[in-house]
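Proteins get letters first, then strands, A, B, ... in listed order; numbering begins at 1 in each.
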There are 2 protein chains.
Amino acid sequence: MTGYNIPPLAKLIDKFESLPGIGSKTAQRLAYHVLHMTPDQAKDFATAITDAHDKIRYCAKCCNFSDEELCPICRNKARDNTVICVVESPRDAMAMESTREFQGTYHVLHGAISPLNNIGPDQLYIKELLSRLQDGTVTEVIMATNPTVEGDATAMYISRLLKPLGIKTTRLAYGIPVGGDLEYADEVTLARALEGRSEL
Amino acid sequence: MTGYNIPPLAKLIDKFESLPGIGSKTAQRLAYHVLHMTPDQAKDFATAITDAHDKIRYCAKCCNFSDEELCPICRNKARDNTVICVVESPRDAMAMESTREFQGTYHVLHGAISPLNNIGPDQLYIKELLSRLQDGTVTEVIMATNPTVEGDATAMYISRLLKPLGIKTTRLAYGIPVGGDLEYADEVTLARALEGRSEL
């Protein structure tokens, strides 16, 4: 029924539906929205997709997305090169950036160790991280992988690699989210929050 | 902050964000998803957008979207040409189609009368509807405009135009939605449901 057998419409709905978090109703709405665009707007949208794809690659230093050899953060001389925040994905780096609290640089692993999905350390950008640590400028590596089994395993694995190098390795704090409700916090989070309590 | 000053990425996020119902977080997720596509997938997606836009126009008969002179429903000889269901948008026609209950044809107005938004009867495809009624094959016009002030006004306006032609004009039933809860139904809907009650 979708797209009433109008092939170009059905195909567009299909493309939208293949995006993450987009169901069939939303895909229909988006496709119809595209049909209501001006020809220029539609062309612009299509170009944005191919352009982003063609022009963006991994930063030679931190493996984050970039349209130049180095990403804007690695190019920025004001950033603190002695601290590296290791994240699983570019979106995690973006989330950290939005706190405006972190002045160091990032390293994007592009995944986490997950034996179930056949992702081992070799599939991640860990070698690239290690090579950044050779010249001794980095003094702290903050592990900001996700608070999941895979994220924890990855943080643990990397911290063991870094130990012989004598570089301080830290992990983001676990605890109750700000604005959250104790009543609804799960036991594990609550136990971690208790464990990591600080003096007032 | 969005797109970390990587222009092609920022532009793509921006394009996604301009779509209806897509907020900044979702736009980011979609843009990153596009970056993770293979080059062929990205090209395919972009082509689907321009193709849909270039190839789809209004059906010469019912003004619904179509990639040919007539839309698949108007081309279908099995459909009942004596009944026309008048809807505001192609998506409404699609919703009606998904019931699989309606065997007649549609007419898409592409909007509803809305003086506040400067949309009068002349901006809608009402002339096209009237011209379909000239040859006397149509015996019933079902007004399936939205149950809003604008939709009601449009239905009323069109039904007045059709009265002199002697064509039966009907309106979709108002009432409580199936699976709904009386307790949460608004008064107006409930009053309409009472008004339209039928014998068991």
Side-chain angles (χ1 to χ4, degrees), chain A residues 1-16 18-22 25-26 28-39 41-56 64-68 71-73 76 89-91 93-95 97-98 100 110, chain B residues 1-16 18-22 25-26 28-39 41-56 64-68 71-73 76 89-91 93-95 97-98 100 110:
Chain A
M1 223 70 239
T2 354
Y4 306 106
N5 311 322
I6 305 175
L9 179 58
K11 196 179 168 196
L12 183 59
I13 292 177
D14 205 54
K15 291 289 163 198
F16 275 121
S18 72
L19 297 176
I22 304 288
K25 284 261 170 178
T26 309
Q28 279 175 32
R29 198 179 59 220
L30 297 180
Y32 279 121
H33 180 83
V34 168
L35 290 181
H36 283 118
M37 285 176 175
T38 65
Q41 285 173 322
K43 205 165 288 171
D44 245 34
F45 188 17
T47 319
I49 290 171
T50 43
D51 263 16
H53 214 274
D54 294 346
K55 293 184 185 161
I56 293 177
N64 201 341
F65 287 127
S66 176
D67 59 339
E68 296 184 31
C71 75
I73 292 174
N76 187 344
S89 74
R91 289 178 61 209
M94 196 180 263
E97 270 304 273
S98 66
R100 294 163 196 262
H110 291 281
Chain B
M1 223 71 240
T2 356
Y4 306 106
N5 312 323
I6 305 176
L9 178 58
K11 196 179 168 196
L12 184 58
I13 293 177
D14 204 55
K15 290 289 165 198
F16 274 121
S18 73
L19 297 176
I22 304 287
K25 284 261 170 180
T26 309
Q28 280 176 30
R29 197 178 61 221
L30 296 180
Y32 280 120
H33 180 83
V34 167
L35 290 182
H36 283 117
M37 285 178 175
T38 64
Q41 285 173 323
K43 205 165 289 172
D44 244 35
F45 188 16
T47 318
I49 291 171
T50 44
D51 262 16
H53 214 272
D54 294 347
K55 293 184 185 162
I56 293 177
N64 201 340
F65 286 128
S66 175
D67 60 339
E68 297 185 31
C71 75
I73 293 174
N76 186 345
S89 74
R91 289 178 62 209
M94 196 180 263
E97 271 302 274
S98 65
R100 294 162 196 264
H110 292 282

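- Relative orientation of the F65(B) and Y32(A) rings is parallel, given thresholds of 30° and 60° on the angle between their planes.
- In this structure, the separation between CD on Q28(A) and CZ on R91(B) is 7.0 Å, given to the nearest 0.5 Å.
- Listed options T26(A), T50(A), L30(A) were ranked by heavy-atom pairs under 4.5 angstrom with chain B; first place goes to L30(A).
- Comparing L35(B), D14(B), I22(B), L12(B) by how many heavy-atom pairs each has under 4.5 Å with chain A, the most go to L35(B).
- Checked against salt bridge (charged side-chain N to carboxylate O under 4.0 Å, His left out), K25(B) has no partners two or more places apart in sequence or in another chain.
- Pairing each heavy atom of A48(B) with each of K15(A), the nearest pair is CB-CG, 3.7 Å.
- Of the possible polar contacts, none joining the H33(A) side chain to the P20(B) backbone as a donor-acceptor pair under 3.5 Å is found.
- Scanning for salt bridge (charged side-chain N to carboxylate O under 4.0 Å, His left out) contacts around D51(A) gives K55(A), with sequence neighbours left out.
- Nearest approach of H53(B) to T38(A), heavy atoms of both residues: CE1-C, 3.6 Å.
- The parts of D44(B) that come within reach of chain A are both its backbone and its side chain, each placing non-hydrogen atoms under 4.5 angstrom from that chain.
- Note: A52(B) leads A52(B), G21(B), S66(B) in heavy-atom pairs under 4.5 Å with chain A.
- Your options are H36(B), M37(B), R29(B), H110(B), and the one with the most heavy-atom pairs under 4.5 Å with chain A is R29(B).
- The shortest heavy-atom contact between A42(B) and I49(A) is O-CG2, 3.6 Å.
- The part of I56(B) that comes within reach of chain A is its side chain, from C-beta onward, which places non-hydrogen atoms under 4.5 angstrom from that chain.
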